[in-house]
Amino acid sequence: MQLEFFKYHGAGNDFVLVDARNSGDELFNEALVNRLCDRHFGIGSDGLILLLKDSSSDFRMKYFNSDGKEGSMCGNGGRCITAFARDLGIIALEASFAGIDGIHHARILNDGTISLRMKDVDSVQKLEDGYFLDTGSAHFVSFHNSIDKLEVFKIGQEIRHQSRFGEDGCNVNFIETTSESSFKIRTFERGVENETLACGTGSVASAIASGIRQKSDINSYDIEALGGKLRVKFNPKASGGYTDIYLEGPAEFVFKGFIEI
């Protein structure tokens, strides 16, 4: 059978998106998803996203890492599926959709940038060598004077599997502060098992960690990833943790096609 797919790019991450409202998700096993995401023998992407029906919101997002396994929340993927839903005529400028970590709200701004509300962060662990927190996905954040020549694959792969982060491990972010309210980021992503050009949930984690490290009341950060620019906004909660967390950046349609499966 032929599968219709759509390719979107969101500030460094590329995704295969499928409108599965009528077909459902049973077809998409680990082996198929892995083959579709393969950059040599498939379509090629950082992950695959299904747009599914949902009884309590505009749609449901099901995200798979490129290794074929269902992943945790993907921020850049959330912005791309919002653009996809608009292009399908499901939404106009605002969306409410279900992700693996709960309901998300997104808005398409006047310049085409998509603002996605992320889950609240209840706590941040300050470790000897960095910070650990869950922004929809588990992230470790460390700070460096220069990240351009850092061996991100080698170091990230080692940290990602450390026992202190549990059986599932974590994503690993390397940060270089460039001003009080901006930084550069490089990320090793679990599931992809490699460095990616950007990571939405990692950018959120790194912005919050930056504020804590600098003991700053700044709540908006401009982020330069290898694949593009993002912005993160948030507010501290009086009871601890963070709320009103927004990830903002572009989400662009690349092409559509059919593949025999």
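By convention here, the first residue in the shown sequence is residue 1. A quick note: this is a predicted structure, and the numbers were derived from the prediction, not measured.
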Could you check whether any side-chain heavy atom of [X] comes within less than 4.5 Å of a side-chain heavy atom of [Y], counting everything from C-beta outward?
| X | Y | answer |
| --- | --- | --- |
| S146 | E176 | yes |
| R86 | L93 | no |
| Y63 | E70 | no |
| K62 | I49 | no |

Going only through I, L, V, M, F, W and Y residues with side-chain contacts under 4.5 Å, is there a path from [X] to [Y]?
| X | Y | result |
| --- | --- | --- |
| I245 | V141 | yes |
| I147 | I159 | yes |
| F59 | M73 | yes |
| V232 | V121 | yes |
| L127 | I208 | no |

Less than 3.5 Å apart, any donor N or O on the side chain of [X] or [Y] sitting next to an acceptor on the other?
| X | Y | value |
| --- | --- | --- |
| Y8 | D87 | yes |
| E248 | T113 | no |
| N34 | D67 | no |
| S56 | D54 | yes |
| T187 | N173 | yes |
| S57 | S96 | no |
| S142 | D129 | no |

Less than 3.5 Å apart, which donor and acceptor atoms pair up between the side chains of residues 210-218 and the rest of the protein, not counting sequence neighbours?
residue, atom, partner, partner atom, Å
S210, OG, S206, O, 2.8
Q214, NE2, E180, O, 3.1
S216, OG, I218, N, 2.9

Quiz item: Checking salt bridge (charged side-chain N to carboxylate O under 4.0 Å, His left out) for the pair D14/K7: CA distance, chi angles, key distance, verdict?
Solution: CA-CA 7 Å; D14 59 338; K7 189 81 173 285; 3.4 Å; yes
Quiz item: Can you check whether A20's main-chain N or O pairs, donor with acceptor, with D25's side chain at less than 3.5 Å?
Solution: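 Between the backbone of A20 and the side chain of D25 there is no qualifying donor-acceptor contact (under 3.5 Å).
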Practice problem: Check for a donor-acceptor pair, side chain of T177 on one end and backbone N or O of S179 on the other, with a separation under 3.5 Å. | Solution: no
[atom2] on [Y] to [atom1] on [X], rounded to 0.5 Å:
| X | Y | atom1 | atom2 | answer |
| --- | --- | --- | --- | --- |
| I100 | R60 | CD1 | CZ | 9.5 Å |
| L51 | C80 | CG | SG | 12.5 Å |
| F234 | L247 | CZ | CG | 13.0 Å |
| L133 | H139 | CG | NE2 | 8.0 Å |
| R35 | F41 | CZ | CZ | 11.5 Å |
| F174 | L150 | CZ | CG | 5.5 Å |

Return the minimal non-hydrogen interatomic distance between [X] and [Y], and the atom names on each side.
| X | Y | value |
| --- | --- | --- |
| Y221 | A207 | CE1-O, 3.6 Å |
| M61 | F97 | SD-CE1, 3.8 Å |
| G12 | A198 | CA-CB, 3.8 Å |
| R190 | D168 | NH1-O, 3.4 Å |
| E189 | C199 | OE2-CB, 3.7 Å |
| S203 | L230 | OG-CD1, 3.5 Å |

Self-check item: Note: D46-R39 ion pair, threshold 4.0 Å (strictly below)
Solution: yes
Quiz item: Between R160 and E193, is the closest basic N to carboxylate O distance under 4.0 Å?
Solution: yes
Exercise. In sequence, state the C-alpha distance, the side-chain angles, and the governing distance for K119 and D101, and then conclude on salt bridge (charged side-chain N to carboxylate O under 4.0 Å, His left out).
Key: CA-CA 7 Å; K119 64 169 281 188; D101 59 341; 5.5 Å; no
Give a yes or no on this: more than 12 heavy atoms of other residues, nucleotides or ligands lie within 6.0 Å of atom [atom1] of [X].
| X | atom1 | result |
| --- | --- | --- |
| E260 | CD | yes |
| E26 | CD | no |
| K69 | NZ | no |
| D111 | CG | yes |

Quiz item: Should the ring pair F165 and F140 be called parallel, tilted or perpendicular, given that the plane angle runs from 0 to 90° and is split at 30 and 60?
Solution: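 Ring orientation, 0 to 90° scale: tilted.
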Quiz item: Hey, what's the ring geometry for F6 with F84, parallel, tilted or perpendicular (30° and 60° as the breaks)?
Solution: tilted
Quiz prompt | Residue pair R117, T243: steps toward the side chain to side chain contact (heavy atoms under 4.5 Å, CB included) verdict | solution = CA-CA 9 Å; R117 182 165 183 167; T243 189; 3.5 Å; yes
Self-check item: Check against side chain to side chain contact (heavy atoms under 4.5 Å, CB included), Y246 and L116
Solution: CA-CA 5 Å; Y246 289 90; L116 173 67; over 6 Å; no
Quiz item: Can you list the steps and then say if D148 with K184 is a salt bridge (charged side-chain N to carboxylate O under 4.0 Å, His left out)?
Solution: CA-CA 9 Å; D148 290 344; K184 295 165 68 174; 3.0 Å; yes
Exercise. Report the hydrophobic cluster partners of L197, with the cluster defined as I, L, V, M, F, W, Y residues connected by side-chain heavy atoms closer than 4.5 angstrom, directly or transitively.
Key: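 Reading the cluster by chain and number, L197 sits alongside L226.
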Self-check item: For F64, the rest of its hydrophobic cluster, which grows through side-chain links under 4.5 angstrom
Solution: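 Hydrophobic cluster check, F64: joined to M1, L3, F5, V16, V18, L27, F28, L32, V33, L36, I43, L48, L50, L52, V254, F255, I259, I261.
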Quiz prompt | side chain to side chain contact (heavy atoms under 4.5 Å, CB included) between I114 and L109, worked out | solution = CA-CA 6 Å; I114 294 177; L109 306 180; over 6 Å; no
Quiz item: So is R79 actually on top of F15's ring, under 6.0 Å and inside 45° of the axis?
Solution: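 Here R79 fails the 6.0 Å and 45° test against F15.
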Practice problem: May I have the step-by-step check of side chain to side chain contact (heavy atoms under 4.5 Å, CB included) for M118 and T201, ending in yes or no? | Solution: CA-CA 8 Å; M118 306 294 287; T201 53; 3.6 Å; yes
